[in-house]
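Naming convention: chains lettered A, B, ... in sequence-line order (proteins, then strands); numbering from 1 in each chain. Excluded from the calculations below are hydrogen atoms, water molecules and symmetry mates; all remaining heavy atoms, backbone and side chain alike, are included.
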Amino acid sequence: MPARSYLGELELMVLLALVRLGDQAYGVPIARELEKYRGGNVALGSIYAALERLEDKGLVLSALGDPTPERGGRAKRYFAITQNGLRELHQTRRVLSELWRNLPRLQGEPV
Amino acid sequence: MKQTHPPALAAWMLDHLTPGRQNLALAGDLHEEFCNGRSAVWYWRQAVSAIAIGLLLKCRYLLSAVIFAAVWTAPLPAAWFYMLRHTEGTRLFAWVIQLDWPYSALGDMALAEGPQLLLVWAGLVVFLGLNFLKTRNANVARLPYGLLTTIPTLIAANIALQLLFLGNFSHATTAVYLRFSLDPMFFLTRLPLFLGLLLSIWVAEPSSRKAGSRAIA
């Protein structure tokens with residue numbers, strides 16, 4: 001059986017952001033989505049590096065939009081999750097849920 | 001008042017110094033955010049981190065290329081001399097030199113460069129194969145450029161080898177070849193081979209493919 005490559009934390013979050021954003025997923029909304037849930041500033045360069053890795057693994061597809069003046073004449077690059085990407089997310093959720101199950105409660109935490 | 005032009009130097013650096021295939025889209029995203037009210041400091045921070053991340057990824061690829069090229073080419077000059085002494089190489093060279101010009105020159109060049117070229121090309125293919133197994137990323141269209149890059153450096157290698165050492169190896173033993181392949185003194189003889197392989201790996205790098213070729217299904 002070929003070795004399975006696991007998703008990194010940022011890759012996982014980017015994939016989840018792609019699912020939430022649907023067909024409007026490009027760099028800016030992906031970064032905003034991550035900032036909303038993770039907090040702090042997100043470097044767009046690291047998001048693109050993660051997207052490039054995911055694209056190389058076949059978990060994400062991309063396509064160029066039209067260039068617009070408010071972007072200095074540069075086109076948006078839209079990203080979408082593939083079936084393999086979705087499968088990878090489900091698999092990761094299964095593994096993580098299993099691992100989280102026996103996490104001890106913090107002292108004073110309500111049941 | 002809303003600013004519409006990001007810092008020119010940062011924008012230029014972003015366009016020219018960011019390796020990878022997403023740099024235009026990234027520059028567009030930063031431009032868009034800047035026009036939506038982000039500060040020049042934010043833009044600079046994002047640009048510098050994007051360049052740093054891109055260069056770090058490039059360095060990781062190049063570092064593995066440097067190590068592989070050094071290991072692959074270390075024994076090549078010694079192997080070349082060994083082949084020349086212990087195979088039919090010497091007789092073949094003598095026969096080729098007796099041919100009429102330009103066949104003698106072409107044959108001499110082919111015999112001198114051919115084996116080295118094949119070994120360096122084999123190195124390139126092995127490296128790209130290993131890289132593919134690791135990253136699942138390949139770009140066959142870059143391969144011919146990588147292969148062609150090795151030719152001028154190998155011609156230089158051959159000239160250097162003949163000028164420096166050929167005369168001293170007429171009575172060499174296997175131990176001498178081994179010492180030759182390990183001795184730092186002979187670093188110069190493998191430098192052009194090393195550079196040839198390194199350059200070809202750099203030129204054939206898969207991630208330097210153009211963006212925008214795939215469509216969202």
J.: Can you tell which part of D23(A) gets under 4.5 Å to a heavy atom of chain B, answering side chain, backbone, both or neither?
T.: neither
J.: Is there a donor-acceptor pair closer than 3.5 Å between any side-chain N or O of T82(A) and the backbone N or O of G58(A)?
T.: yes
J.: Using only atom types and a distance under 3.5 Å, with no angle test, would you say the side chain of W72(B) pairs donor to acceptor with the backbone of L119(B)?
T.: yes
J.: Which atoms of A75(A) are under 4.5 Å from chain B, going by heavy atoms: the side chain, the backbone, both sets, or neither?
T.: backbone
J.: Heavy atoms only: give me the nearest I53(B)-A49(A) pair and the separation to one decimal.
T.: CG2-CB, 3.9 Å
J.: Test the R38(B)-F34(B) pair against the cation-pi criterion, namely NZ or CZ under 6.0 angstrom from the six-membered ring centroid and within 45° of the ring axis.
T.: no
J.: Quick one: what part of R71(A) sits under 4.5 Å from any heavy atom of chain B, side chain, backbone, both or neither?
T.: both
